[in-house]
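To start, the structure under review is shown below, and the notes come after it.
For reference, positions follow the sequence shown, starting with 1.
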Amino acid sequence: MSGFDHVWLNANLATMDGPAEAPLGIVEDGAVATRGGSIAWVGRRAELPAHAAAVTDCEGAWIFPGLIDCHTHLVFGGNRAGEFEQRLEGATYEEIARAGGGIFSSVRATRAASENALLEAALPRLRGLMAEGVTTVEIKSGYGLDLESEMKMLRVARRLGAELPVEVVTSLLAAHAVPPDHPGGAEGYTDFVAREAIPMAAAAGLADAVDAFCERIAFSPAQTERVFAAARAAGLPVKLHADQLSDLGGAALAARFGALSADHLEYAGAEGLRALAEAGSVAVLLPGATYFIREARHPDIAAMRAAGLRMALSTDMNPGSSPARSLLLMLNLGCTLYRLTVAEALLGVTRHAAAALGLHDRGVLRPGLRADLALFRIGRPAELCYWIGGNPCMGRVVAGRAR
């Protein structure tokens, strides 16, 4: 066997590739070897089969697959800290919206911002995730709600991936809300998304998937189906903000279209969750939104487990309902709010998060997959879920290169 490009050794490994009874796939005193940007070997250090051009002594640290934040709205203009202050002083969301606040305040700020301004605002948010061990992040549009601004957001997301050592996956979320300035109302705007926004994003190579918000305050199931049909015609997979505020059958709708994921799911019933599992979709849980908007209803984790539905965790980083800039914090909230096990939470930011993005080349430590690693100075994996605050990440490897 030829030598390796690089070996990381004297480490404990959480491969995320274990059997159902031990899914973390722990290897004590292990090593990971890379060649050409891919993982070439994983196992116990004593069994390492070849020499390497470069060796890193991890001094007992833990190596995980690179973390994946699979649901973010990371590109946006301005923020809504003022509205947060108003709510604490007693203003209702409806009162704030009538005064010009809410999502449309973010839309106005995003439309007004230049592409470079959006990029500069997003860079520190993304760098903060990277510092915690994130190597892949999904970024949605959805605060433009017109053709020019939606494409601008997606171009910024692509530029972020080009400028920083992180993989960026994009989703077109033009069906996020119905802009009050659209002359055709909800039906006309749905036609715009299906006939103009999706084809343009696909032709320009700006979108890797299409997302929509199916809810009474956003798009009906019938309108969402039109958006998904257009995505299918453009050759793009779909995702769905589903059953966050009510059970409109979003989970079942996502399953019918073979969605990569259905996200939120606070009000999804057992039947819809079973349909998602049978379709091979992933449930993306967003505890930051539950915490920030003080939502009393939580996703039915027991029903998800019973259905064998894979669960991912994400920040849902956005200026309105989840201004969360830490994926590690979501591990703790997922366990404390939703009562996930440590294994469920950690799979949720690695293996299952990769599946939620349709990425089959990462999320576990396995030969032949992309060499994305995250190194943590911890004593056991549970510490990533246990601590509130702090960052034990001591390094990342992206496509075989230390970053």
Side-chain angles (χ1 to χ4, degrees), residues 69 71-113 117-118 121-122 124-126 128-129 139-145 149 153 173 175-181 186 211-219 240-248 250 263-268 284-299 313-338 388-389:
D69 197 351
H71 179 131
T72 84
H73 307 252
L74 190 146
V75 173
F76 55 85
N79 66 63
R80 281 144 69 181
E83 295 178 17
F84 175 64
E85 186 175 12
Q86 290 173 349
R87 288 201 306 274
L88 293 177
E89 293 171 351
T92 66
Y93 183 86
E94 183 178 355
E95 289 169 341
I96 292 171
R98 281 203 305 266
I103 185 173
F104 297 112
S105 64
S106 294
V107 171
R108 287 192 298 273
T110 302
R111 287 179 176 179
L118 290 174
R125 300 172 195 143
L126 184 51
L129 293 176
I139 300 177
K140 305 178 190 296
S141 66
Y143 290 117
L145 306 186
S149 302
M153 293 183 71
L173 182 58
H176 192 195
V178 179
D181 57 356
D211 200 345
F213 185 20
C214 182
E215 192 55 72
R216 291 192 182 98
I217 62 172
F219 295 86
L240 186 63
H241 287 60
D243 304 329
Q244 179 185 8
L245 306 174
S246 61
D247 186 357
L248 288 187
D263 304 28
H264 286 290
L265 298 170
E266 283 86 340
Y267 284 80
V284 177
L285 307 178
L286 305 170
T290 298
Y291 169 79
F292 191 73
I293 67 175
R294 294 183 287 184
E295 172 60 59
R297 179 76 171 254
H298 293 178
L313 270 176
S314 186
T315 60
D316 191 19
M317 184 192 298
N318 73 73
S321 62
S322 184
R325 297 175 63 162
S326 168
L327 187 59
L328 295 181
L329 178 57
M330 297 307 104
L331 288 171
N332 180 273
L333 291 183
C335 293
T336 56
L337 289 181
Y338 296 165
I388 303 174

Which pair of non-hydrogen atoms, one from Leu313 and one from Met330, has the smallest distance, and what is that distance? CD1-O, 3.8 Å

Less than 4.5 Å apart, side chain to side chain, heavy atoms only: is that true for Leu129 and Met317? yes

Hey, does the side chain of Gln244 reach the backbone of Glu215 with a donor-acceptor pair shorter than 3.5 angstrom? no

Donor-acceptor pair, Glu295 side chain versus Arg297 backbone, under 3.5 Å? yes

In Å, rounded to the nearest 0.5 Å, how long is the span from CG of Leu173 to CD1 of Ile139? 13.0 Å

If every non-hydrogen atom of Gly250 is compared with every non-hydrogen atom of Asp243, which pair is closest and at what distance? N-OD1, 2.9 Å

Ignoring hydrogens, what is the shortest heavy-atom contact between Phe219 and His176? Give both atom names and the distance. CE1-N, 3.6 Å

For the student: nearest non-hydrogen atoms of Ser149 and Gly144, plus distance: CB-CA, 3.4 Å

List the steps and the verdict of side-chain hydrogen bond (donor to acceptor under 3.5 Å, both in side chains) for His71 and Asp263. CA-CA 8 Å; His71 179 131; Asp263 304 28; 2.7 Å; yes

With distance as the sole criterion, is a donor-acceptor pair present between the side chains of Asp316 and His73 under 3.5 Å? yes

Starting at CG of Leu328, measure out to CD1 of Ile388 and round the result to the nearest 0.5 Å. 12.5 Å

Can you measure from OG (Ser246) to CD (Glu266) and round to the nearest 0.5 angstrom? 11.0 Å

Nearest-0.5 Å distance that lies between atom CE in Met153 and atom CG in Leu74: 9.5 Å

salt_bridge(Arg108, Asp181) N-O dist < 4.0 Å: no

Could you tell me whether the side chains of Ser321 and Asn318 share a donor-acceptor contact shorter than 3.5 Å? yes

Could you verify whether a donor N or O on one side chain and an acceptor N or O on the other, from Thr290 and Tyr338, lie under 3.5 Å apart? yes

With Phe84, which residues qualify under side chain to side chain contact (heavy atoms under 4.5 Å, CB included), at least two apart? Arg87, Leu88, Phe292

State, yes or no, whether a side-chain contact exists between Phe104 and Leu145 at a heavy-atom distance under 4.5 Å. yes

His241 vs Cys214 side-chain heavy atoms within contact, under 4.5 Å: no

Rounded distance [0.5 Å steps], CG in Leu327 versus CG in Asn332: 12.0 Å

Going by distance alone, is a donor N or O of one side chain under 3.5 Å from an acceptor N or O of the other, for Thr315 and Arg325? no

Quick check: closest heavy atoms across Ser106 and Tyr143, and the distance to 0.1 Å? CB-CD2, 3.7 Å

Ser141 OG to Phe76 CZ distance, which is reported to the nearest 0.5 Å: 14.0 Å

Any donor-acceptor N/O pair, Thr110 side chain to Val107 backbone, under 3.5 Å: no

Residue list, salt bridge (charged side-chain N to carboxylate O under 4.0 Å, His left out) with Asp211, at least two apart or on another chain: Lys140

Nearest heavy-atom approach of Ile103 to Ala177 is CD1-CB, 3.9 Å

Is the count of non-hydrogen atoms from other residues, nucleotides or ligands lying under 6.0 Å from Ile293 atom CD1 greater than 12? yes

